[in-house]
2 protein chains.
Amino acid sequence: MSPARARTSLLEIVTAGRELLEVGGLDAVTMLAVAERVGVRAPSLYKWLPNRAALIASIASAALHDLEHQLSPFVSDPDPVMGLRSVADAFRAFAHANPRTYGLLFMDLPAGARPPAEDNLLAATPLLALTERLVGPDRNLEAARLMTAFAHGFVSMELSGAFQLGGDVDEAFRYGVDVLVGALASRPVPPI
Amino acid sequence: MSPARARTSLLEIVTAGRELLEVGGLDAVTMLAVAERVGVRAPSLYKWLPNRAALIASIASAALHDLEHQLSPFVSDPDPVMGLRSVADAFRAFAHANPRTYGLLFMDLPAGARPPAEDNLLAATPLLALTERLVGPDRNLEAARLMTAFAHGFVSMELSGAFQLGGDVDEAFRYGVDVLVGALASRPVPPI
DNA sequence: ACCTGAACACCGTTCAAGT
DNA sequence: ACCTGAACACCGTTCAAGT
């Protein structure tokens, strides 16, 4: 008689997926493992999500919202150069704290597993606000892309172990950010 | 009586895997699909490779050798700045020609699917030879890492569609490379 | 020495039946 | 309205038996 009451939720499912991802990598994000973690049988997950690809996409989407939350406080820094340094550091800190989730954000995912494009834009908003103050509205997008390219390239090499030999990685990152910020502030930036 | 003669080879298997990867992504690199492509049944592949992870690692390894081959001609450029530009362009061209294979090289792969570390070093050799001529032997490694970080970050964003809005992407890449090369040639580079 | 069919475990997904 | 067990297709991998 009485219809079944929800024993889980989309939020709980996505959170379980993120935890499994960080602990065991993408292969560990199994419908069975997620179901077990939220106290339900695997087929019940399909009440909340159409398939596993949508679960992956939801994990990525949640991570992009988190990232935006980590970066947005620095938008209001009175000095845009300091703000950009802080955003770059916070971006890198996010990747260090959630390495596998970070990897997911820049992975070549199958179409169904990609988060909505708006979420990528959302996460880029804090950076765009600061580059606009540095280079003006016309070359804003290009400047933000160069910064993101460098930060992502640096962090992804760092996470994949390319900097194993040690040394002051923090200092090297700061150096690269400063070189780019300095160039953007002083030279005309070409259109992308 | 007569023992069975080899009907395939490791090279043929790895080549089939690369083709399947480029056409259908990593999910399409199935032991069944590879076997079918080389004219053998799936269990026979285990005569040549211990498991699917080793196949992925072999694909990545082969790609790193190819990449080294694309980059090495520019080592002998009389002007190291021109040589670095050419290496950067060839790196990007390789990624454009083999986007999914390129993605594999910087993917966070499970331990068994990672290519041997020597192969990563091999692919970096041409760049290292040129940065040495630009900044000297002491800051060589650091300079090469900053260049690689930028190039990889730029290319991976480009491939993932982050530059969809169009414009002169070639020019933006050249601009970023020039900024870094210029900074490396004129400033002291901090240790990584 | 390499190849094969048969078999097993594991996972994503569907669906009819329960409350 | 959501949950479940049973079932199916697909894939990685093992192994005994073939030549």
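Each chain gets a letter, A, B and so on, in the order the sequences are listed, and its residues count up from 1. Computation of the quantities below employed the complete heavy-atom set of this structure, encompassing side-chain atoms and omitting hydrogens, waters and symmetry-equivalent molecules.
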Tell me if a side-chain donor or acceptor on R133(A) pairs with a main-chain N or O of V81(A) at a distance below 3.5 Å.
no

Tell me: CG of L49(B) to P of dC3(C), nearest whole Å?
12 Å

So, S9(B) side chain and E12(B) main chain: donor-acceptor pair closer than 3.5 Å or not?
yes

Taking 4.0 Å as the cut-off, does a side-chain nitrogen or oxygen of R5(A) come that near to OP1 or OP2 on dA1(D)?
no

Quick one: is dT4(C) close enough that its OP1 or OP2 comes under 4.0 Å of any side-chain N or O from S44(B)?
yes

Those residues of residues 13-31 of chain A lying under 4.0 Å from DNA chain D by at least one heavy atom:
none

Pairwise side-chain contact, M147(B) with L184(B), heavy-atom cut-off 4.5 Å (strictly under)
yes

Give a yes or no on whether the backbone of M31(A) and the side-chain of R52(A) come within a donor-acceptor separation of less than 3.5 Å.
no

Short question: side chain of R100(B), backbone of V23(B) - any donor-acceptor pair under 3.5 Å?
yes

Looking only at side-chain N and O atoms, does R7(A) come under 4.0 Å of OP1 or OP2 in dT4(D)?
yes

Ignoring hydrogens and angles, write down the donor-acceptor pairs under 3.5 Å from the side chains of residues 55-65 of chain B, residues two or more places apart or on other chains.
from   : atom 1 : to      : atom 2 : distance (Å)
S58(B) : OG     : A54(B)  : O      : 2.9
S61(B) : OG     : D119(B) : OD2    : 2.6
H65(B) : NE2    : D119(B) : OD1    : 3.2

S9(B) near the nucleic acid: base, sugar-phosphate alone, or nothing, with a heavy-atom cut-off under 4.0 Å?
nothing

Of the nucleotides dT4(D), dT4(C), dC2(D), which one has an atom closest to the side chain of V40(B)?
dT4(C)

For F91(B) together with F154(B), are the ring centres under 6.0 Å from each other?
no

Atom-to-atom span, OH of Y46(B) to C1' of dT13(D) - whole angstrom
5 Å

Expressed as a whole number of angstroms, how long is the span from E12(A):CD to dC2(D):P?
14 Å

List the steps and the verdict of salt bridge (charged side-chain N to carboxylate O under 4.0 Å, His left out) for D66(B) and R18(B).
CA-CA 12 Å; D66(B) 272 14; R18(B) 277 186 83 168; 3.0 Å; yes

Short side-chain N/O contact to dC3(D) OP1/OP2 from R41(A), under 4.0 Å:
no

Can you find a side chain N or O atom of W48(A) that sits less than 4.0 Å from OP1 or OP2 on dC3(D)?
yes

Tell me if a side-chain donor or acceptor on S44(B) pairs with a main-chain N or O of V40(B) at a distance below 3.5 Å.
no

Paired and unpaired positions of DNA chain C as dot-bracket, Watson-Crick or G-U wobble under 3.5 Å, | denoting a partner strand
||.|||||...|||||.||

